[in-house]
Amino acid sequence: MSLPRIQRSRGELRIHESLDELSRDLAEYVSELSEAAVKERGVFALALSGGSLIGFLGKLCEAPYNKTTDWAKWNVFWADERVVSKSHADSNYRLAKDGFLSKVPIISSHVHAINDQLSAVEAADGYQFGIRQQVKARVIDVSETCDCPKFDLILLEMGPDGHVASLFPNHAVLAAKDEWVAFLTDSPKPPPERITFTLPVINAASNVAIVVTGDSKAEAVHLAIDDVAPDCPSSPGRMVHPTEGKLVWFLDYKAASKLDGVPLPE
Ligand SMILES: O=C(O)[C@H](O)[C@@H](O)[C@H](O)[C@H](O)COP(=O)(O)O
């Protein structure tokens, strides 16, 4: 059973009893946004991250979405990536390729991974340059209010510490404003070398969805969504609020269990 959608100042909450329901709802949401973007702009620019998110996208590989989605119009990017070889078990590219991209007919030149032969700083620079080319080509839209790419959809997860993409609590990268893509060599969660979209890019997107499941993230969800504090670097998830776009939280009952004013069935 799913709860009715709840509108909060920090986004729309979609709370599901089971991971299967959550996956179905996520597939329908991505499919609707893809259809709308293709209708409006002729292309769908999507940024993924890692974690269990990729498994939750599995329903898109099944009927009816495998047949109804205009895969040729999809362009896939990463909101964050570990600076490891593409064949490494830690690679977000590899996770997405094995679990999702290899199962749907997305054109390979539309899959925009980082160059895994470079150092973190070079990989971030190169990725930002590639995104700039795709903005020029109008594959990615551009924000009307800031010098940022405007992705049709950025899909994120949130860790138990509140991190989103590779924006970790109290890390200097949270303050990055001039870059679209930043690098880290000291990620508190291994592997240490990563690249990540900066907050201005995340907040310039047309749509951002944050998928969070499990008990271990309940406190982080409470701190990111409830009226407990202003934006603060100790809760990166709380710093996500698309200025021209829409934020949706996909939660299971466990992740939602510490939210104020959300009565969950026993
Ligand atoms: O970059 C990383 O280290 C992970 O991708 C991380 O951000 C993960 O997505 C969250 O910690 C939630 O992970 P799970 O949903 O898999 O628990």
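Whatever order the structure lists ligands and atoms in, that order sets their numbers, starting from 1. What you are looking at is a predicted structure, and each value in this text was computed from that prediction instead of being measured. Note: hydrogens, waters and symmetry copies are ignored here, and every other heavy atom, side chains too, is used.
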*Geometric N/O contact Arg82 with ligand 1, under 3.5 angstrom*: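 Yes, Arg82 has an N/O under 3.5 Å of an N/O on ligand 1.
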*Could you tell me whether Arg8 and Asp227 make a salt bridge, using a distance below 4.0 angstrom between a side-chain N and a carboxylate O?*
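The answer is no: the pair does not qualify as a salt bridge.
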*Salt bridge present between Asp152 and Arg41 (N-O < 4.0 angstrom)*: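 A salt bridge links Asp152 with Arg41.
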Give the residue, atom name and distance (to 0.1 Å) of the protein heavy atom nearest [atom].
atom	answer
atom 15 (O) of ligand 1	Ser52 OG, 2.5 Å
atom 12 (C) of ligand 1	Glu157 OE1, 3.0 Å
atom 5 (O) of ligand 1	Gly51 N, 3.5 Å
atom 11 (O) of ligand 1	Lys189 NZ, 3.3 Å
atom 17 (O) of ligand 1	Lys217 NZ, 2.6 Å
atom 1 (O) of ligand 1	Arg194 NH1, 2.7 Å

*Determine the interplanar angle of the Phe250 and Tyr29 rings, folded into 0 to 90°, and report it as parallel if under 30°, tilted if 30 to 60°, perpendicular if over 60°.*
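Because their plane-to-plane angle is over 60°, the rings of Phe250 and Tyr29 count as perpendicular.
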_With a 6.0 Å cut-off on the ring centroids, do Phe77 and Phe197 count as close?_
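No, the ring of Phe77 stays outside the 6.0 Å limit from the ring of Phe197, centre to centre.
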Atoms of ligand 1, numbered as shown, that sit under 4.0 Å from any heavy atom of [X]:
X	value
His163	6 (C), 7 (O), 11 (O)
Gly159	10 (C), 11 (O)
Asp80	1 (O)

*asked:* Just so I know, are the side chains of Phe183 and Val83 near enough to count as touching, which here means a heavy-atom distance under 4.5 Å?
replied: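 No, too far: nothing below the 4.5 Å cut-off.
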*Cation-pi check, Arg132 to Trp180: give yes when NZ or CZ is under 6.0 Å from the six-membered ring centre and within 45° of the ring axis, no otherwise.*
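Ring-cation test returns yes.
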*For residues Thr213 and Asp252, is any side-chain donor paired with an opposing acceptor at under 3.5 Å?*
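No donor-acceptor contact under 3.5 Å links the two side chains.
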